[in-house]
Amino acid sequence: MCFFIAVGNINREPAIVNNLHQFLQTRTSTYLTSIITSQFISNVPTTILVSKFSKFVHAIFLGTNIGGLGTVVGSLANLLAFKQYRFFFKKNPGKYLMYFTIINFAMLIIIGTIGYFLIDFGL
């Protein structure tokens, strides 16, 4: 819920709105901004935030879905999985988080690169 409140507040901040307009002028920049923003405020709130400033729907779709990879915050599902791991196993959450992060960033780089070429070639 806090992510959605944060998005509402971000949409009202003129400095952030101006910067978002600048970052979302092309398909590629919209794609990359969607991925990067997803790492900090999760992919669903990022979709809501970015869609108000860009007309490149395909880039937003790919960027926010691929942006679910990476950090544990990238997707609410990641956070829920981590919480379940901590609840049921109660051991080595740091080790789990380390492996999770390594695997997710590796996949983010691989799938993100494929998405970049899809966006760059207008597919």
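We number each residue from 1, following the sequence as shown.
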Asks: When you compare the side chain of T71 with that of N104, does any pair of heavy atoms fall below 4.5 Å?
Replies: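 When only atoms from C-beta onward are counted, T71 and N104 do not touch, as no gap falls below 4.5 Å.
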
Asks: Mind listing the side-chain donor-acceptor pairs of residues 79-98 below 3.5 Å, one per line with the distance, residues two or more places apart or on another chain?
Replies:
{"from": "Y85", "atom 1": "OH", "to": "K91", "atom 2": "O", "distance (Å)": "3.1"}
{"from": "K90", "atom 1": "NZ", "to": "F87", "atom 2": "O", "distance (Å)": "3.1"}

Asks: Given the rule that I, L, V, M, F, W and Y join up when any side-chain heavy atoms are under 4.5 Å apart, are I111 and I109 in one cluster?
Replies: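 Each belongs to a different hydrophobic cluster.
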
Asks: Do F40 and V73 make a side-chain contact, defined as non-hydrogen atoms from C-beta onward lying under 4.5 Å apart?
Replies: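 A side-chain contact is absent here, since even the closest heavy-atom pair is not under 4.5 Å.
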
Asks: Apply side chain to side chain donor-acceptor pair (under 3.5 Å) to residues S38 and T64 and explain how you reach the verdict.
Replies: CA-CA 6 Å; S38 292; T64 56; 5.6 Å; no

Asks: To the nearest 0.5 angstrom, please state how far the OG1 atom of T113 sits from the CG atom of D120.
Replies: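 One gets 12.0 Å once the value is rounded to the nearest 0.5 Å.
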
Asks: Examine distances only and state if a side-chain atom of S54 and a backbone atom of S51 form a donor-acceptor pair shorter than 3.5 Å.
Replies: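 Not at all, since once roles are kept as given, no pair shorter than 3.5 Å links the two residues.
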
Asks: Keeping S42 on the side-chain end and P45 on the backbone end, is there a donor-acceptor pair under 3.5 Å?
Replies: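 It does not hold such a pair.
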
Asks: Could you see if F56 belongs to whatever hydrophobic cluster contains F117? Use Ile, Leu, Val, Met, Phe, Trp, Tyr and a side-chain cutoff under 4.5 Å.
Replies: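 No, F56 and F117 fall in different hydrophobic clusters.
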
Asks: Given 3.5 Å as the limit, does a donor-acceptor pair link the side chain of T33 with the main chain of T30, or not?
Replies: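 Side chain of T33 to backbone of T30: no pair is present.
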
Asks: If every non-hydrogen atom of F53 is compared with every non-hydrogen atom of L24, which pair is closest and at what distance?
Replies: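 Nearest heavy atoms, F53 then L24: CB-CD1, 3.4 Å.
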
Asks: Any chance you could measure I48, atom CD1, to I41, atom CD1, to the nearest 0.5 Å?
Replies: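 Reported value, rounded in 0.5 Å steps: 9.0 Å.
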
Asks: Grouping I, L, V, M, F, W and Y whenever their side-chain heavy atoms are under 4.5 Å apart, do L118 and V57 come out in a common cluster?
Replies: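 Shared cluster, no.
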
Asks: List the steps and the verdict of side chain to side chain contact (heavy atoms under 4.5 Å, CB included) for T47 and I60.
Replies: CA-CA 7 Å; T47 304; I60 295 169; 4.2 Å; yes

Asks: Got a sec, which residues hit side-chain contact (heavy atoms from CB on, under 4.5 Å) with L108, two or more places apart in sequence or on another chain?
Replies: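 If we apply the side-chain contact (heavy atoms from CB on, under 4.5 Å) test to L108, skipping adjacent residues, the hits are I35, Q39, I66, L69, F105.
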
Asks: Excluding sequence neighbours, so at least two apart, what forms ring-ring contact (aromatic ring centres under 6.0 Å, His included) with Y116?
Replies: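 Y116 satisfies ring-ring contact (aromatic ring centres under 6.0 Å, His included) with no residue once adjacent residues are dropped.
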
Asks: For the backbone of G68 and the side chain of N78, can you confirm whether one donor and one acceptor N or O come within less than 3.5 Å of each other?
Replies: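 Yes; judged by distance alone, with no hydrogens or angles, the pair exists.
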
Asks: State the NZ-CZ distance between K55 and R27, to the nearest 0.5 angstrom.
Replies: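 The distance works out to 10.0 Å.
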
